[in-house]
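Contents: one structure, followed by commentary.
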There are 2 protein chains.
Amino acid sequence: MTGRDAIDDVWDQWHRERPEIDTALLDVMSAVGRMNRLRRYIDQTLRTYFARYGLDFSEFDVLATLRRSGGVEGVSAGTLLRSAMVTSGAITNRVDKLTAKGLVERSVSTEDRRSVRVRLTPEGIRLVDDILLGHIENEARFLAVLDDNERAQLNGLLRKLLIAQGDTHLG
Amino acid sequence: MTGRDAIDDVWDQWHRERPEIDTALLDVMSAVGRMNRLRRYIDQTLRTYFARYGLDFSEFDVLATLRRSGGVEGVSAGTLLRSAMVTSGAITNRVDKLTAKGLVERSVSTEDRRSVRVRLTPEGIRLVDDILLGHIENEARFLAVLDDNERAQLNGLLRKLLIAQGDTHLG
DNA sequence: ACTGACTATCTGAACGTTGAGATAAGTAAA
DNA sequence: TTTACTTATCTCAACGTTCAGATAGTCAGT
């Protein structure tokens, strides 16, 4: 037994107030609640980390997407919004800010003039490469209590959930 | 083998672009990435559900907290902010909106006049009880692909992560 | 009582996202 | 080529959150 967390208390409170609710459903709510709380801890840490570089997570998300999949030609705004799962307005905003900082640049696609290609500038590449490892190690601290096997288990369960949502490929 | 999800592609992309990064670290980044994407799917569904009742998730979060732990006297604003893991400004805003809708009411604490007690109104209680089960079943659809054992595994892993963050009790 | 430190909540500016709608460019069929 | 539809992106108002600072009440020590 590892002990109890805050969500175990929430489970008990619901069970007391609404005892007719199936405990399996309370377990479901607990799982979602735990992901929510975990996300808040992670977000807070990442926020302060990226702030040191004048970025927020949303901007880094774009830089990282371009770094790992942009090649030299960059990717379209549509690819970015599907990868980040945000609306087009959000991507316009992110790219605007990164452009103002000189980290990415926009150009009209040659094949489709509706389409915008976004590409890392040399400074953009330099910045991602500078902060990437620190970012990952930051995240690693949150999973540090899991051993290799448990981490694989977690990834397996989450993968199963994502596939059930049809999340089988990026935009 | 269950197949691959979008994050498996991201893993491959990073491994190709930055092959020197330890694959265990890529697994860490994948786990966090999966939680992020899953949260986006869940958020989108919940948003449209609560919108039908003129609420958003942040408001429901307050109502639910009061319903399961507020008793008849309600709870303090401080309790709400720690439970929701948001800043005091966010709670002020949420309570303002819920008050305007007649779902909660504020009163000054008798023991500590700095403290504000927030309590569900009868309409507030009615609304939570009306929408709670639909909300939980909504969440249950996201975990439906997991069997009882897997769901327990997931809760166990997430609990372990939360406890490591010191998340052992609500405010 | 008085001082200083701390705690609980509110205020307001800055900011990122959503959602609806606008613009403009591709596309398919008549 | 004209019409109708679809796609890619941008615009902008509404909104919720954070962050920093303001208020005001509490508490311990003097």
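Computed from a predicted structure; not experimentally measured. Side-chain atoms are counted along with the backbone in the values below, which use heavy atoms only and exclude waters and symmetry mates. Just so it is clear: chains get the letters A, B, ... in the order the sequence lines come, proteins before strands, and each one is counted from 1.
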Base, sugar-phosphate alone, or nothing: which one does A:Thr92 contact when heavy atoms must sit under 4.0 Å apart? base

Under the side chain to side chain contact (heavy atoms under 4.5 Å, CB included) rule, collect the residues that match up with B:Asp61, sequence neighbours excluded. B:Phe57, B:Thr65, B:Ala84, B:Arg94

If you look at every strand shown and take non-hydrogen atoms under 4.0 Å, does A:Ser109 touch a base, only sugar-phosphate, or nothing? nothing

Would you list the pairs meeting salt bridge (charged side-chain N to carboxylate O under 4.0 Å, His left out) in which at least one residue belongs to residues 155-166 of chain B, sequence neighbours left out? A:Asp8-B:Arg159, A:Glu150-B:Lys160

Side chains of residues 122-129 of chain B: which donor-acceptor partners sit under 3.5 Å, not counting sequence neighbours?
{"from": "B:Asp129", "atom 1": "OD1", "to": "A:Arg18", "atom 2": "NH1", "distance (Å)": "2.7"}
{"from": "B:Asp129", "atom 1": "OD1", "to": "B:Arg67", "atom 2": "NE", "distance (Å)": "2.9"}
{"from": "B:Asp129", "atom 1": "OD2", "to": "B:Arg67", "atom 2": "NE", "distance (Å)": "3.4"}

Applying side chain to side chain contact (heavy atoms under 4.5 Å, CB included), name anything that partners A:Gln153, two or more places apart in sequence or on another chain. A:Asn149, B:Gln153, B:Leu157

Sequence-distant partners of A:Thr92, side-chain hydrogen bond (donor to acceptor under 3.5 Å, both in side chains), two or more places apart: none

How would you summarise protein contacts on nucleotides 13-26 of chain C per nucleotide, using B for base, S for sugar-phosphate only and - for none, with heavy-atom distances below 4.0 Å? ---SBBS-----BS

What pairs with B:Gln13 under side-chain hydrogen bond (donor to acceptor under 3.5 Å, both in side chains), at least two apart in sequence or on another chain? A:Arg68

What nucleic acid atoms does A:Arg117 come within less than 4.0 Å of, heavy atoms only: base, sugar-phosphate, or nothing? nothing

Under a 3.5 Å distance rule, please check whether B:Thr121 uses its side chain to pair with a backbone N or O of B:Leu103 as donor and acceptor. yes

Residues passing the side chain to side chain contact (heavy atoms under 4.5 Å, CB included) test with B:Asn93, sequence neighbours excluded, are B:Lys97

Give the first and the last nucleotide of DNA chain D, reading 5' to 3', that has any atom under 4.0 Å from a heavy atom of chain B. D:dG16 to D:dT26

